[in-house]
Amino acid sequence: MASPLESCWLYLITHFSEFQLATVGTFLIHESVFFLSGLPSIYFERSGLFSKYKIQKKNNTPEGREKCIVRLILYHVCVNLPVMLISYPTFRFMGLRSSLPLPHWTVIVSQIIFYFILEDFVFYWGHRILHTKWLYKHVHSVHHEYATPFGLTSEYAHPAEILFLGFATIIGPALTGPHLFTLWLWMILRVLETVEAHSGYHFPWSPSNFLPLYGGSEFHDFHHRVLYTKSGNYASTFVYMDWLFGTDQGYRKLKALEEACNNGSKFSLRLQLAAELANRWWTGAVEMGRVDPGVTSATSVPPVHLRNLNRADDLPSHHFNRRDREAGAAATTTTVSSGSNNHPNDDEGNADDSAGGLEMVEAGSAGAPTGTACRRPRGRPPGSKNKPKPPVIITRENPNALRSHVLEISSGADVMDAMATFARRRQRGVFILSGSGVVTDVTLRQPEAPPGVITLPGRFDILSLSGAFLPAPSPPGATGLTVYLSGGQGQVVGGNVIGELIASGPVMVIAATFSNATYERLPLDGEEPAAAGAMPGTEGIQLQQSPGVSGGGGRPSSRQPHAGLDPSSMPLYNLPPDLPPNGQTPHEVFGAWASAAAPRPPSSY
């Protein structure tokens, strides 16, 4: 009499072809097992269920989960299914069969164990290759987009990685030519294993608590958490490959530290873990695969260096260094209470030690009674020197500096109006150095001409262009434009531009802009009172002073304003009048022009 399992199998092989079962049937079983086992971790994360078993306290965003599910469906349909269809002839050639009788259970178990061992070996080296710089950046980084993994992220990867690492899963069955039932069972166990490794939860019933050499979720979660091209823990199922090749040093160091802190509070454990993960030496050891000479087993771990455990803001000051490890190796338990030692080399990290005790306990002695007590000097050890600090350079533009500009005025625009608008909107004075281009219908002021003003119709080439434009307030006559033109018959004419200067084609202008302009009336007379040097109407300008800002860098000044006609005491447009005697303007003072509009970066010419 056939068993129920064989009866079900007989129904399948009589109603479906072997090709359908090996391709579409395998795909449907894979999708069912994968999503049914991976979706619960999303529910646990969203609802907070089993939160005490969650390895990382961070949660993924709903958008991140949705993105993962959508791409998984796309990858499975567009990559996995075609691969299954194409690989069927290979499996058929290697001996795949689906007929009765089903293989004996000993054959099934031995083949699946062989598949796990071979897959773990191939996966380790393929995964390690993917963590080389170029492949990680362009391929494997897709899988590491989720630093806090959940079940479905186990197959979230670049299509090239799906094909590359998928080879490790199918190489065992391809070599042995198994029964289709064995192939399905192997696929189901492999999917459950990789989903559990990426679940983000470590339950009391997790397989890693019962199966020796099994990695599990904690082992692989560390790999995602470190996010570095040499993060270690490359194996898929077991831990012996990483142990043999020394790529699990960071993980073993972390586990040893947790074991040493089993008797401590949860808060102190978090402080130690954060300090250890933030330590530069530890990070370097993980990246380069180095082994801490002070860590040889789970019972020999570096001493724990804790600050005041009641203050969370002390966290950045916690550190693990070689001096602490050497000191911890010499003494079983060392307690340093708060004191008043003022070491000349005390640094900022030890400035708050007097607020609470500092305790250093060697691994394995947590919770033990205090033994021999001695005082350890605070601060840097004798003979150490402060490391040279790089100079701090603060770059800020001097208000007296000139900016160079290359300005292009489009055809049909008024050159005069364009320059005035540019100065007003940028709130900077503009000094025109030169210009080139063609203008039309020019009106010039020439005092020697009978009417004083001449209008020249037609097109003219610009030979020379100069002038200045100041935004308001500005002294009378400070703004204007002088041009020299060449006509079609070879005549040259020039004068001050009045009215419009229309560009008949692109006009290029080379100009310099500035923030300050000092007004002075010449000739200078040392006997003349200071008020005589002020231009009529500048009193209001001198009072346009930024609130709370005075000469001398923003500090109150007791100097009397402008006791004489020294050039340094002349009123500056757009700057407060109370300036230092040498006429230099403070960097932080920009006056009315800069306060009227935000400073803009120079042109990219």
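All values derive from a computational prediction rather than experimental measurement.
Side-chain N or O atoms of Ser217 include one that pairs as donor or acceptor with a backbone N or O of Tyr201 at under 3.5 Å. Using a distance-only test at 3.5 Å, with no hydrogens or angles considered, no donor-acceptor pair links the side chain of Thr182 to the main chain of Pro178. A donor-acceptor contact shorter than 3.5 Å is absent between the side chain of Ser141 and the backbone of His138. With hydrogens and angles ignored, the 3.5 Å screen pairs a side-chain donor or acceptor of Ser206 with a backbone N or O of Phe203. In this structure, Thr153 contributes its side chain and Pro149 its backbone to no donor-acceptor pair below 3.5 Å. Not a single donor-acceptor pair under 3.5 Å links the side chain of Asp221 to the backbone N or O of Gly200.
Between the OH atom in Tyr124 and the CZ atom in Phe245 there is a gap of 6.0 Å [rounded to 0.5 Å]. Here CD of Glu218 is found 8.5 Å from CG of Leu254. Values are rounded to the nearest 0.5 Å. Taking OG of Ser41 as the start and CZ of Arg46 as the end, the distance is 12.0 Å to the nearest 0.5 Å. We find the CZ-CG distance between Arg252 and Asn233 to be 10.5 Å, quoted to the nearest 0.5 Å. Distance check: Leu5 CG to Leu10 CG gives 11.5 Å after rounding to the nearest 0.5 Å. Rounded to the nearest 0.5 angstrom, His198 NE2 and Glu196 CD are separated by 10.5 Å.
Screening His131, His223, His127, His224 for a ring pair (Phe, Tyr, Trp, His ring centres under 6.0 Å) with His143, the sole residue that qualifies is His224.
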Throw together a table of side-chain donor-acceptor distances under 3.5 angstrom for residues 61-68, partners on residues two or more places apart or in other chains.
{"from": "Thr61", "atom 1": "OG1", "to": "Gly64", "atom 2": "N", "distance (Å)": "3.1"}
{"from": "Arg65", "atom 1": "NE", "to": "Glu45", "atom 2": "OE1", "distance (Å)": "2.9"}
{"from": "Arg65", "atom 1": "NH2", "to": "Glu45", "atom 2": "OE1", "distance (Å)": "3.2"}
{"from": "Arg65", "atom 1": "NH2", "to": "Asn60", "atom 2": "O", "distance (Å)": "2.8"}
{"from": "Lys67", "atom 1": "NZ", "to": "Glu145", "atom 2": "OE1", "distance (Å)": "3.0"}

Side chains of residues 111-122: which donor-acceptor pairs under 3.5 Å do they make with residues two or more places apart or in other chains?
{"from": "Tyr115", "atom 1": "OH", "to": "Thr176", "atom 2": "OG1", "distance (Å)": "2.5"}
{"from": "Glu119", "atom 1": "OE1", "to": "Ser236", "atom 2": "OG", "distance (Å)": "2.9"}
{"from": "Glu119", "atom 1": "OE2", "to": "Arg190", "atom 2": "NE", "distance (Å)": "3.1"}
{"from": "Glu119", "atom 1": "OE2", "to": "Arg190", "atom 2": "NH2", "distance (Å)": "2.8"}
{"from": "Glu119", "atom 1": "OE2", "to": "Ser236", "atom 2": "OG", "distance (Å)": "3.4"}
{"from": "Asp120", "atom 1": "OD1", "to": "Ser236", "atom 2": "N", "distance (Å)": "3.2"}
{"from": "Asp120", "atom 1": "OD1", "to": "Ser236", "atom 2": "OG", "distance (Å)": "3.4"}
{"from": "Asp120", "atom 1": "OD1", "to": "Thr237", "atom 2": "N", "distance (Å)": "2.9"}
{"from": "Asp120", "atom 1": "OD1", "to": "Phe238", "atom 2": "N", "distance (Å)": "3.1"}

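Between Phe34 and His30, the two ring planes are parallel [angle under 30°; tilted spans 30° to 60°]. Note on ring orientation: taking the six-membered ring where Trp is involved, the planes of His144 and Tyr136 are tilted (angle from 30° to 60°). A tilted orientation is assigned to the rings of Tyr156 and Tyr75, their planes being inclined by 30° to 60°.
Counting heavy atoms from C-beta outward, Leu135 and Ile129 have side chains that approach closer than 4.5 Å. Between Pro204 and Tyr53 the shortest side-chain heavy-atom distance falls below 4.5 Å. With a 4.5 Å cut-off on side-chain heavy atoms, His76 and Leu81 do not count as touching. Counting only heavy atoms from C-beta outward, the side chains of Glu161 and Leu130 approach each other to under 4.5 Å. At a threshold of 4.5 Å between non-hydrogen side-chain atoms, the residues Ile42 and Ile69 count as touching. Side-chain contact between His202 and Asn209 is present, with at least one heavy-atom pair separated by less than 4.5 Å. Side chains of Leu85 and Phe19 form a contact here, defined as non-hydrogen atoms less than 4.5 Å apart. Looking at heavy atoms from C-beta onward, Trp186 lies in side-chain contact with Thr169 at the 4.5 angstrom threshold.
Using a cut-off of 4.0 Å between Lys/Arg side-chain N and Asp/Glu carboxylate O, Glu18 and Arg92 are scored as salt-bridged.
No more than 12 heavy atoms of other residues, nucleotides or ligands shown are found within 6.0 angstrom of OH on Tyr11. Heavy-atom neighbours of Trp105 CH2 from other residues, nucleotides or ligands within 6.0 Å: at or below the threshold of 12. Other residues, nucleotides and ligands contribute over 12 non-hydrogen atoms within 6.0 Å of the NZ atom of Lys57. By the 6.0 Å contact criterion, CZ on Phe50 is enclosed, its count of non-hydrogen atoms from other residues, nucleotides or ligands being greater than 12. In this structure, Tyr43 places its OH atom where only 12 or fewer heavy-atom neighbours from other residues, nucleotides or ligands lie under 6.0 Å away. Shown here is Trp243, whose CH2 atom has no more than 12 heavy atoms of other residues, nucleotides or ligands within 6.0 Å.
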Would you sort out whether Lys54 and Thr148 count as a side-chain contact (heavy atoms from CB on, under 4.5 Å), showing the intermediate values? CA-CA 10 Å; Lys54 199 172 189 303; Thr148 306; 3.5 Å; yes
Given side-chain contact (heavy atoms from CB on, under 4.5 Å), test Thr26 with Leu21 step by step and report yes or no. CA-CA 6 Å; Thr26 303; Leu21 293 176; over 6 Å; no
Would Ile73 and Glu31 satisfy side-chain contact (heavy atoms from CB on, under 4.5 Å), going step by step from the backbone distance to the final call? CA-CA 9 Å; Ile73 296 175; Glu31 297 303 295; 5.9 Å; no
Going through the checks in order, is the side-chain contact (heavy atoms from CB on, under 4.5 Å) test met by Leu180 and Leu183? CA-CA 5 Å; Leu180 184 59; Leu183 180 64; 4.0 Å; yes
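Scanning all heavy atoms of the two residues, the minimum distance from Ser154 to Val195 falls at OG-CG2, 3.8 Å. Closest approach of Ser37 and Val191 over heavy atoms only: OG-CG1, 4.5 Å. Counting all heavy atoms, side chain and backbone alike, Asp242 lies closest to Asp248 at O-OD1, 3.4 Å. For the residue pair Ala160 and Val139, the shortest heavy atom distance occurs at CB-CG1, 4.4 Å. Between Ala157 and Val142, the shortest heavy-atom distance links the atoms C-CG1, 4.0 Å. Heavy-atom minimum distance, Gln56 versus Ala147: NE2-O, 3.0 Å.
For Trp184 and His179, the gap between ring centers reaches or exceeds 6.0 Å.
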